[in-house]
K.L.:
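Quick one: this structure, given as structure tokens, is what I'll be asking you about.
Values below: all heavy atoms of this structure, side chains included; hydrogens, waters and symmetry mates excluded.
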Amino acid sequence: MKQKVLSLFLAACMTAALVAGCGSTKNTANMENGGTEGSTVSNSTESGTQTADTAASESGDYTRAGGEGEIVVGIISDPENMGPWAGMSQGRIAILNTVYEYLITRENGETKGVLAKNWTQIDDTTYEVELYDYIHDTEGNPITASDIKFCFDSALATKNYSKLEVIDSVTVLDDYKVEFKFSKALAVGELENVFLECAIVSQAAYEASGDQMAVDPVGTTAYKVESYTPGSQLVLVNSNDYWQTDDSLVWTTSKHNADKITMSVITEASQHTIAMQTHTVDIANGVPDTDVPKFDEGGEYADGNEVEVLLDNLTYDILYNMSADSVFAEDENLRKAIAYAIDREGLNTGAFNGNGAAVKDFANATYPDYNKEWDGEDYFDYNIDTAKDYLAKSSYNGQSLRLMYTTSTTADMIAQMVQAYLGNIGVTVELVPYEQMSFIASQFDSAAYDIMLRTTGSTDYIVNQWKLCWYSPDFESTTGGTANFVKDSKLDELMAACLNVNTYGEESIDAFHDYLAEKCYGYGIVEGTINSVHSKYITKVALDDRNQILPGACELAE
């Protein structure tokens, strides 16, 4: 794996751990992906370390962390609130597809119905969905059209899911048919995103819950919660009464090979290494890049273990606060000075041990509509002289700029490196770390930051990753512009052209990419990795479209 010397930053700030050499890795040799390569959110809360209280048992050339038929998974953040429509967080993402099902799923890049038997477009803004007529949750409550309406109406009311805001109404047509009316003709991938956004539960079970299913969710998967200890572990057991009896219609996200699933909350990356070393978990996706070679062929813990490393669909981005009172609002020179001062290859080496990738867009190259010609462009390629030239032309007067981000092992490291890089050109940066839920609540507060480090990703097209920041209609009620307060009619027009099914294509995609780079309202810096380290007890790893582990779909040794 290629490594890069981190210029001035390494001399001043890097520790020995950050420049450790890389070992070999196996690239998806044993992976089963339940959909397209999708995004995970690498932000986690460094609040403590807990591991599952299970006894290891040996069999053949592997060691099990739990009992027979059980899989123990190390996750990097506590789910905290498992209610079906609570705000999104890293911990929730790790458990969602084990607890809840959706109208559809994605299987190897194709859309498949889960609760939806079929769906039909009636006109530009109207779709009808037919449900299977035998769906029930883990408590036996039937799921009908009225439950679908209840769920979508409830999710919309939370304001937690911007992708649902295109819904004008959800109407029950009969017991198993629902009509969705939208406020506009849908854009590329938008219908699928709506159907994938709302977890489905029965209204009866939800209203019977004393805490809106925060700690005892009842979904339609095969798994029901046996126990949940906040900050420690979530235990689920197979109900052996899964509603979909036709095996040909059970997609990867709904498979249920394990009898018991224990999700162990391990918030510190180094403790994932220890958990795998001591056989406390069977699989972990939080082992740091520097420790991955220890479990790979020839490594000190290689016996009985395997490693797969994926480029994550997640991109770390820099956003400038473009509100009217911000130092960046009218200062393109300052925006570009900072962009050229950050060594993106250096971030890759420091944060991901060289296994990630410096990106050339406000996204990454994993998307099918990514233009490979961008790889040859000067996309704010690290140049300290250019950075200083732009800074000299800017209005920056030495004030401290606040860098807001969600705290995690990786994000902390990236933020510290960005701070050091900007210090090299004379820009002072104050780090302002947030816990996950506080970040979500504060990200649209123009007084909270000057620069934001955040992660974004989509499960289908590059234009839908862009949409998470640059589509102003989604943020009209929160910022009055884009996610970072940009008010630019040309940017809006170019974004709309990318999302319109009639104008979507290479020309509109290139035009948006070029204009965003020209204005430098924000830009991508680095793509991370997903390190899946597991015992040979797991013979095939299954992932969802966010590249999260699907414990129930993993195949286990006899």
K.L.:
Is there a donor-acceptor pair closer than 3.5 Å between any side-chain N or O of Glu190 and the backbone N or O of Ala187?
P.N.:
yes
K.L.:
Verify whether one side chain among Asp259 and Asn238 offers a donor that lies under 3.5 Å from an acceptor in the other.
P.N.:
no
K.L.:
With no hydrogens and no angle check, is any side-chain donor or acceptor of Arg92 less than 3.5 Å from a backbone partner on Pro79?
P.N.:
no
K.L.:
Out of Thr125, Asp168, Thr171, Thr126, which one pairs with Lys181 under the side-chain hydrogen bond (donor to acceptor under 3.5 Å, both in side chains) rule?
P.N.:
Thr126
K.L.:
Any donor and acceptor pair, going by atom type alone, linking the side chain of Glu430 with main-chain N or O of Leu403 inside 3.5 Å?
P.N.:
no
K.L.:
Rounded to the nearest 0.5 Å, what separates atom OG in Ser202 from atom CD1 in Ile148?
P.N.:
10.5 Å
K.L.:
Please verify the inter-ring angle class for Tyr223 with His256; under 30° counts as parallel, over 60° as perpendicular, anything in between as tilted.
P.N.:
perpendicular
K.L.:
Given the side-chain rings of Phe444 and Phe485, with only the six-membered ring counted for Trp, is the space between their centroids under 6.0 Å?
P.N.:
no
K.L.:
Distance from Gln443 atom CD to Tyr449 atom OH, nearest 0.5 Å?
P.N.:
8.5 Å
K.L.:
Is Thr479 reaching over with its side chain to a backbone N or O of Thr482, donor-acceptor style, under 3.5 angstrom?
P.N.:
yes
K.L.:
Would you indicate whether the side-chain heavy atoms of Val327 and Leu401 approach each other to under 4.5 Å?
P.N.:
yes
K.L.:
Please report the interatomic distance CD(Glu101) to CG(Asp137), rounded to the nearest 0.5 Å.
P.N.:
10.5 Å
K.L.:
Strictly by modelled atom types, are Thr252 and Glu107 linked by a side-chain donor-acceptor pair under 3.5 Å?
P.N.:
yes
K.L.:
Under the ring-ring contact (aromatic ring centres under 6.0 Å, His included) criterion, do Tyr521 and Tyr320 qualify, and how do the steps go?
P.N.:
CA-CA 6 Å; Tyr521 297 135; Tyr320 297 117; 9.1 Å; no
K.L.:
Using side-chain heavy atoms (C-beta onward) and a distance below 4.5 Å, is Thr98 in contact with Met263?
P.N.:
yes
K.L.:
Spell out, as yes or no, whether a donor-acceptor pair under 3.5 Å connects the side chain of Ser254 to the backbone of Val250.
P.N.:
no
K.L.:
Should we count OH of Tyr102 as having more than 12 external heavy atoms under 6.0 Å?
P.N.:
yes
K.L.:
Just wondering, do Leu543 and Leu550 contact through their side chains at under 4.5 Å, heavy atoms?
P.N.:
no
K.L.:
State, to 0.1 Å, how close Val281 and Ser264 come at their nearest heavy-atom pair, and which atoms those are.
P.N.:
CG1-CB, 4.3 Å
K.L.:
Sub-3.5 Å donor-acceptor pair from the side chain of Asn500 to the main-chain atoms of Ala496, do we have one?
P.N.:
no
K.L.:
So which atom in Val265 and which in Ser77 form the shortest heavy-atom distance, rounded to 0.1 Å?
P.N.:
CG1-C, 3.9 Å
K.L.:
Apply side chain to side chain donor-acceptor pair (under 3.5 Å) to Gln465 and Thr456, showing your working.
P.N.:
CA-CA 7 Å; Gln465 176 161 334; Thr456 52; 3.1 Å; yes
K.L.:
To check you understand the geometry: which heavy-atom pair defines the closest contact between Met404 and Phe439, and what is its length?
P.N.:
CE-CD1, 3.7 Å
K.L.:
Can a donor-acceptor pair be found, under 3.5 Å and without considering hydrogens, that links the side chain of Asn285 to the backbone of Ser532?
P.N.:
no
K.L.:
Let's go through Leu234 and Ile95 carefully: what are the C-alpha distance in whole Å and the side-chain angles of both, what is the deciding distance for side chain to side chain contact (heavy atoms under 4.5 Å, CB included) to 0.1 Å, and is it a yes or a no?
P.N.:
CA-CA 9 Å; Leu234 171 67; Ile95 62 93; 3.9 Å; yes
K.L.:
Please check: side-chain N/O of Gln212 versus main-chain N/O of Ala214, any donor-acceptor pairing under 3.5 Å?
P.N.:
no
K.L.:
Testing the basics here: between Glu527 and Thr366, what is the closest heavy-atom pair and its distance to 0.1 Å?
P.N.:
OE2-CG2, 3.2 Å
K.L.:
Look at the rings of Tyr127 and Phe182 and say which category their plane angle falls in: under 30° parallel, 30 to 60° tilted, over 60° perpendicular.
P.N.:
perpendicular
K.L.:
Enumerate the salt bridge (Lys or Arg N to Asp or Glu O under 4.0 Å) contacts for residues 140-166, please, sequence neighbours excluded, ordered by first and then second residue.
P.N.:
Lys149-Asp153
K.L.:
Show, in sequence, the C-alpha distance, side-chain angles and deciding distance for Asp492 and Tyr471, and conclude whether the side chain to side chain contact (heavy atoms under 4.5 Å, CB included) test is met.
P.N.:
CA-CA 7 Å; Asp492 292 342; Tyr471 187 56; over 6 Å; no
K.L.:
With sequence neighbours left out, what residues match Tyr132 under ring pair (Phe, Tyr, Trp, His ring centres under 6.0 Å)?
P.N.:
Tyr134, Trp243
K.L.:
With Leu499, which of Val463, Val188, Leu186 fulfils side chain to side chain contact (heavy atoms under 4.5 Å, CB included)?
P.N.:
Val463
K.L.:
Of the non-hydrogen atoms in Met88 and Met437, which two are nearest, and what is the gap between them?
P.N.:
O-SD, 4.4 Å
K.L.:
Just verifying a value: how many Å separate Thr455 OG1 and Asn313 CG, rounded to the nearest 0.5 Å?
P.N.:
11.5 Å
K.L.:
Which atom names give the shortest non-hydrogen contact between Ala542 and Cys554, and what distance separates them?
P.N.:
N-SG, 3.6 Å
K.L.:
Compare all side-chain heavy atoms of Tyr161 with those of Cys198 and state whether any distance is below 4.5 angstrom.
P.N.:
no
K.L.:
Donor-acceptor pair, distance only, cut-off 3.5 Å: does the side chain of Tyr100 make one with the backbone of Met82?
P.N.:
yes
K.L.:
Going through the checks in order, is the side chain to side chain donor-acceptor pair (under 3.5 Å) test met by Asp412 and Thr407?
P.N.:
CA-CA 6 Å; Asp412 289 345; Thr407 184; 3.0 Å; yes
K.L.:
Answer yes or no: are there more than 12 heavy-atom neighbours, outside Lys112 itself, under 6.0 Å from its atom NZ?
P.N.:
yes
K.L.:
So, does Ser508 use its side chain to make a donor-acceptor pair with the main chain of Thr503 at under 3.5 Å?
P.N.:
yes
K.L.:
Is Trp119 close to Val178 at the side-chain level, that is, under 4.5 Å between some pair of heavy atoms?
P.N.:
no
K.L.:
Given salt bridge (charged side-chain N to carboxylate O under 4.0 Å, His left out), test Asp488 with Lys519 step by step and report yes or no.
P.N.:
CA-CA 10 Å; Asp488 183 332; Lys519 304 302 290 185; 5.2 Å; no
K.L.:
Just checking, any donor-acceptor pair under 3.5 angstrom between side chains of Glu70 and Thr262?
P.N.:
yes
K.L.:
Could you check whether Glu179 pairs with Lys177 (Lys NZ or Arg NE/NH1/NH2 to Asp/Glu carboxylate O, under 4.0 Å)?
P.N.:
no
K.L.:
Would a 4.5 Å heavy-atom cut-off, applied to side chains only, mark Tyr504 and Asp369 as touching?
P.N.:
yes
K.L.:
To the nearest 0.5 Å, how far apart are CZ in Arg402 and CG in Asn321?
P.N.:
7.5 Å
K.L.:
Rounded to the nearest 0.5 Å, how far does OH of Tyr405 lie from CE of Met452?
P.N.:
13.5 Å
K.L.:
I'd like to know whether Gln203 forms a side chain to side chain donor-acceptor pair (under 3.5 Å) with Ser146, so could you lay out the CA-CA distance, the side-chain angles of the two residues, the decisive distance to 0.1 Å, and finally the verdict.
P.N.:
CA-CA 8 Å; Gln203 183 174 355; Ser146 63; 5.3 Å; no
K.L.:
Hey, is CD on Glu476 packed in by over 12 heavy atoms from elsewhere, all under 6.0 Å?
P.N.:
no
K.L.:
So Tyr206 and Trp85, would you call those rings parallel, tilted or perpendicular, with 30° and 60° as cut-offs?
P.N.:
tilted
K.L.:
Please evaluate residues Thr315 and Asn364 with respect to the criterion side chain to side chain donor-acceptor pair (under 3.5 Å), reporting the C-alpha separation (whole Å), side-chain torsions for both, the decisive distance (0.1 Å), and the verdict.
P.N.:
CA-CA 7 Å; Thr315 306; Asn364 58 63; 2.8 Å; yes
K.L.:
Side chains of Cys469 and Leu319: does their closest heavy-atom pair fall under 4.5 Å?
P.N.:
yes
K.L.:
Using side-chain heavy atoms (C-beta onward) and a distance below 4.5 Å, is Leu491 in contact with Phe512?
P.N.:
yes
